[in-house]
Amino acid sequence: MRSFVYNSHPVRVIFGPGTASRVADEVRRLDRSRVLLLAGEHVRPQAELVETALGDLQVARFDGAVMHTPVEVTERVLGRVTENDVDAVVAVGGGSTTGLAKALAGRTGIDQVILPTTYAGSEVTPVLGETAGGVKTTRSSPDLLPETVIYDVDFTMSMPIPLALTSAINAMAHAIEALYSEQANPIVDALALEAVAAIARGIPALGADSADPEGRSDLLLAAWLAGTCLASAGMGLHHKLCHALGGSFDLPHAATHTVVLPHALAYNEPSVPHVMARVAQALGTESAPAGVYDLVAAAGGPTSLEELGMREADLDEAARLATAKPYPNPREVTEVGVRRLLGEAFAGTRPEPARTV
Ligand SMILES: NC(=O)c1ccc[n+]([C@@H]2O[C@H](COP(=O)([O-])OP(=O)(O)OC[C@H]3O[C@@H](n4cnc5c(N)ncnc54)[C@H](O)[C@@H]3O)[C@@H](O)[C@H]2O)c1
Ligand SMILES: O=C(O)CCC(=O)CC(=O)O
């Protein structure tokens, strides 16, 4: 008989095309009036729309969020928060911009309204990874959870296909690792399997018509579901590997998830074959690890760490970092096993069916 504990994480979610125009009402609803806008040059049109909608509510702007949330950047922006007496942050961007908003909120208590432009899912999680001294560490706290998320599909249409693909696999990783987490529960299972199936349908559709708003809206919905899984159920070996590779070797976040996921699933498959069978069914394939690999390869996505700029000489150190303080994982995490996994991810080989190390 199944036992579980379920924790929900309350976020107000507004979903639909054109919803970004409601941003000022959402700030006022929180009873806030001094906004720091976070954006970036790749999302300039979206930021302009938000700036116009905010009008006098906006008192400052910062455009330089950096992937993996380096603490030096956060400390620099904290100065603007105090100088301008900021009481809310509005973030327009991917997980990096959201990460900066969370880092500021965690240090000051200001409210957050997030308008995501990728499928990272960070906007609905109480989780934050920050990088200091070349090491990324992750924490979770209700203080980091944004108050309001506005999912406007129009804000995601500018994502080029390679980014949409890798970002969607980042979301898929949240869903799959939630299914074998110690905190797995029936709500998370349902959301995760729906997210995996929607992403498996959505990625080939990106290639067929990348400008289809319906397809992009389905992927954005899946990103929300997958982020909600990450919020409730946590992360395992796969996420740990990506944080070690991103934080210490500066690899791009979503692309790293895309390369590593099939190999992390192959590593874990012997310990959770029933979970992998459910994932395979949601993917519409016989094998979960090979199914993810094939989905990415068919869409022209990255399949090897080498093509992301990883150096073979750094794989030993990556294995050491990823196993030093492992996240909870269904299969024992050994340095030898992880080094082998990384070697296969480096080469980009298609994962074979279940095996033991
Ligand atoms: N805490 C969490 O729950 C969580 C979850 C997932 C990711 N993250 C963090 O988020 C970061 C990665 O986020 P990401 O993968 O979204 O990347 P990102 O935010 O760094 O964006 C990647 C690049 O794409 C550009 N971009 C973003 N949206 C765009 C759009 N709509 N059109 C064109 N270009 C666009 C950005 O400007 C950037 O150059 C990492 O630091 C990761 O650790 C955190
Ligand atoms: O905010 C972070 O960097 C930690 C959580 C995270 O990155 C989830 C992921 O790997 O996609």
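Ligands are counted one by one from 1 in listed order, and the atoms in each one are counted from 1 as well.
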Please confirm whether [X] approaches ligand 1 to less than 4.0 Å, judged on its heavy atoms.
X: Phe155; result: yes
X: Lys102; result: yes
X: His243; result: no

When you measure from [atom] to every protein heavy atom, which one gives the shortest distance, and what is it?
atom: atom 35 (C) of ligand 1; value: Leu163 CD2, 3.7 Å
atom: atom 41 (O) of ligand 1; value: His68 N, 2.8 Å
atom: atom 6 (C) of ligand 2; value: His243 NE2, 3.2 Å
atom: atom 4 (C) of ligand 2; value: Gly129 N, 3.4 Å

Any nitrogen or oxygen of [X], main chain or side chain, under 3.5 Å from a nitrogen or oxygen of ligand 1?
X: Gly93; value: no
X: His174; value: no
X: Thr97; value: no
X: Asn170; value: no
X: Ala120; value: no

Side chain, backbone, both or neither: the part of His68 lying under 4.0 Å from ligand 2 by heavy atom
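The answer is neither; His68 stays 4.0 Å or more away.
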Side chain, backbone, both or neither: Asn170 near ligand 2, heavy atoms under 4.0 Å:
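Side chain only.
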If the plane angle is over 60° it's perpendicular, under 30° parallel, otherwise tilted; pick one for Tyr293 and His263.
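The rings of Tyr293 and His263 stand perpendicular, inter-plane angle above 60°.
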Going by the atom numbers of ligand 1, which of them fall below 4.0 Å from some non-hydrogen atom of Met67?
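Once the distances to Met67 are compared, the set is 17 (O), 20 (O), 40 (C), 41 (O).
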In terms of atom number and element, which parts of ligand 1 are under 4.0 angstrom from non-hydrogen atoms of Lys136?
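Matching atoms, with element in brackets: 42 (C), 43 (O).
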Answer with yes or no after comparing the ring centroid distance for His239 and His257 against a 6.0 Å cut-off, counting only values under it.
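So the answer is yes for these two rings.
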Please check if the distance between the ring centroids of His243 and Tyr327 is under 6.0 Å.
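Close enough - the centres of the two rings lie under 6.0 Å apart.
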Regarding Glu130 and Thr74, do their side chains bring together a donor and an acceptor under 3.5 Å, going by distance alone?
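Thr74 and Glu130 do not have a side-chain donor-acceptor pair below 3.5 Å.
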Whether the Thr125 and Lys102 side chains hold a donor-acceptor pair (N or O, under 3.5 Å, no angle test) is what I'd like checked.
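Yes, a side-chain donor-acceptor pair sits under 3.5 Å.
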Can you check which of His257, His253, Met157 brings a heavy atom nearest to atom 8 (N) of ligand 1?
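Ranked by closest heavy atom to atom 8 (N) of ligand 1, first place is His253.
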For Tyr267, does the six-membered ring have the charged nitrogen or CZ of Arg331 within the cation-pi criterion, i.e. under 6.0 angstrom from the centroid and within 45° of the normal?
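Yes.
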Heavy-atom contact under 4.0 Å between His174 and ligand 2?
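Yes, His174 has heavy atoms under 4.0 Å from ligand 2.
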With only distance considered, is Leu230 within less than 3.5 Å of ligand 2 through an N or O on each side?
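For ligand 2, there is no N or O atom that lies under 3.5 Å from one belonging to Leu230.
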Considering both backbone and side-chain atoms of His253, is one of its nitrogen or oxygen atoms within less than 3.5 Å of a nitrogen or oxygen in ligand 2?
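Yes: some nitrogen or oxygen of His253 is under 3.5 Å from one in ligand 2.
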Looking at Gly94, is its backbone amide N or carbonyl O close enough to the side chain of Thr117 to form a donor-acceptor pair, meaning the two atoms are under 3.5 Å apart?
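The answer is yes, because a donor-acceptor pair under 3.5 Å joins these two groups.
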